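Down below is the structure, laid out as structure tokens.
Quantities reported herein were computed from a predicted structural model and do not represent experimental measurements. Ligands are counted one by one from 1 in listed order, and the atoms in each one are counted from 1 as well. The figures here come from the full heavy-atom set of this structure, side chains too, leaving out hydrogens, waters and symmetry mates.
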Amino acid sequence: MSRKIIIDTDPGQDDAVAILLALASPQELDVLAIVAVAGNVGLHHNATNARKIVELAGRSDIPVYAGCSGPMRRTLVTAEHVHGETGLDGPDLPDPTVPLQTQHGVDYIIDTLMAAAPGTITLCALGPLTNIAMALIKQPAIAARIAEIVLMGGAYFEVGNITPAAEFNIYVDPEAADVVMRCGAPITMLPLDVTHQMQSTPARLAAMLAIGNNSATAAHAMLTFSETFDLVKYGWAGAPLHDPTVIAFLLLPELFEGRRCNVSIETTSELTRGMTVADYWHVTNRDRNVNYLRNGDAEGFYDLLLDRLARLP
Ligand code: RIB
Ligand code: CA
């Protein structure tokens, strides 16, 4: 029985590879829809990119919705310096022909969760948490109906990437992240602690290119574009690969390890805005609201990713 998921995303090259990984795994994952959120770049580009990706994977049947065009309270911070002006620089993908759905993405999330049997839909969050927070605020009843929220975001042992204290997805909309952390739904977090271990080394990128199909070739072009900034920043053998870890967790959770602990979000200090304060050693009695993953098997992750990309058109 495949697991029903909604992917909330700001593609973004790494988001795109995550979506491809999900679409390459129909035995395990039933992708109900993709909902775009403002983050890496503006909402219009993110929604267009999501439509390009479903067509690249031969899955124009999957509806794409546009959600929120900016954070709940803050001014939108984007990352064109990493992802390019379009947010999906690298491959030359054709303009999408599949239409954007007319319903707002937040309303789609609410309506879908309220109509489905409780505990049957997982939310996969690959960008700022604005859409999910707004859905929880507009219809609090969805919190008890969500099977799990699996999100890429946060950092604790690895510190931040957009500021010394904060990871980008949380930093963009810390108030939204705070709403999500407090909502009571089961949450699994894939922070920079894990994604920084998943480095796209030249050998791994070469193996991706060697697959030879359109999807893997495009994924290779995406990652060889978006890696530029991080290779200079970190000086590592490969750039970290973030969002596909969310889908990999759903497919092979045994690739990752961590523990349940409290994760709280800094929303007031400008110095540490968006910091995910993880009580990993349980030094407080705060609610252990998050399955916080700290380590992952990089070889196993890339074996999975390359195997599944090879299954696509
Ligand atoms: O910090 C990494 C996260 O920010 C990833 O989701 C990437 O796509 C960007 O959105
Ligand atoms: Ca993302």
For N/O/S atoms only: which one belongs to D10 and is nearest the Ca ion (ligand 2)? OD1

Which of the atoms in ligand 1, numbered in the order shown and given with their element, are less than 4.0 Å from a heavy-atom of D10? 10 (O)

Has R259 got its NZ or CZ under 6.0 Å from the middle of the six-membered ring of Y292, at an angle within 45 degrees of the ring axis? no

Considering only NZ, NE, NH1 and NH2 on the basic side and carboxylate oxygens on the acidic side, decide whether E148 and R3 come within less than 4.0 Å. yes

Starting from atom 9 (C) of ligand 1, locate the nearest protein heavy atom and write down its residue, its atom name and how far away it is, to 0.1 Å. N40 OD1, 3.1 Å

Counting distance only, does the side-chain N/O of E266 pair as donor-acceptor with the main-chain N or O of S269 below 3.5 Å? yes

In terms of side-chain geometry, is the basic nitrogen of K138 or D107 positioned less than 4.0 Å from the acidic oxygen of its partner? yes

Under a plain distance cut-off of 3.5 Å, with no hydrogens placed, do T48 and N46 share a side-chain donor-acceptor pair? no

The Ca ion (ligand 2) to L126: any N/O/S contact under 3.0 Å? yes

Can you report which non-hydrogen protein atom sits closest to atom 8 (O) of ligand 1, along with the distance? D14 OD1, 2.6 Å

Is it the case that the side chains of D178 and T267 hold a donor-acceptor pair, with the cut-off being a distance below 3.5 Å and no angle test? no

Got an N/O contact under 3.5 Å between D15 and ligand 1? yes

For the Ca ion (ligand 2), what is the closest N, O or S atom on D243? OD2

Check: I187 and V290 side chains under 4.5 Å, non-hydrogen atoms: yes

The Ca ion (ligand 2) and D15: any N/O/S contact shorter than 3.0 Å? yes

Atom 6 (O) of ligand 1 - nearest protein heavy atom and its distance: D243 OD1, 2.7 Å

Under a plain distance cut-off of 3.5 Å, with no hydrogens placed, do D8 and N131 share a side-chain donor-acceptor pair? yes

Flag L126 as yes when one of its N or O atoms lies below 3.5 Å from any N or O atom of ligand 1, and as no otherwise. yes

To check your reading of the model: name the closest protein heavy atom to atom 1 (O) of ligand 1, its residue, and the distance in Å. E167 OE2, 2.6 Å

Taking 4.0 angstrom as the limit and counting only heavy atoms of M152, give me the atoms of ligand 1 inside it, by number and element. 2 (C), 3 (C), 5 (C), 6 (O)

Could you verify whether a donor N or O on one side chain and an acceptor N or O on the other, from Q103 and D111, lie under 3.5 Å apart? yes

What atoms of ligand 1 come closer than 4.0 angstrom to any heavy atom of N161? 1 (O), 2 (C)

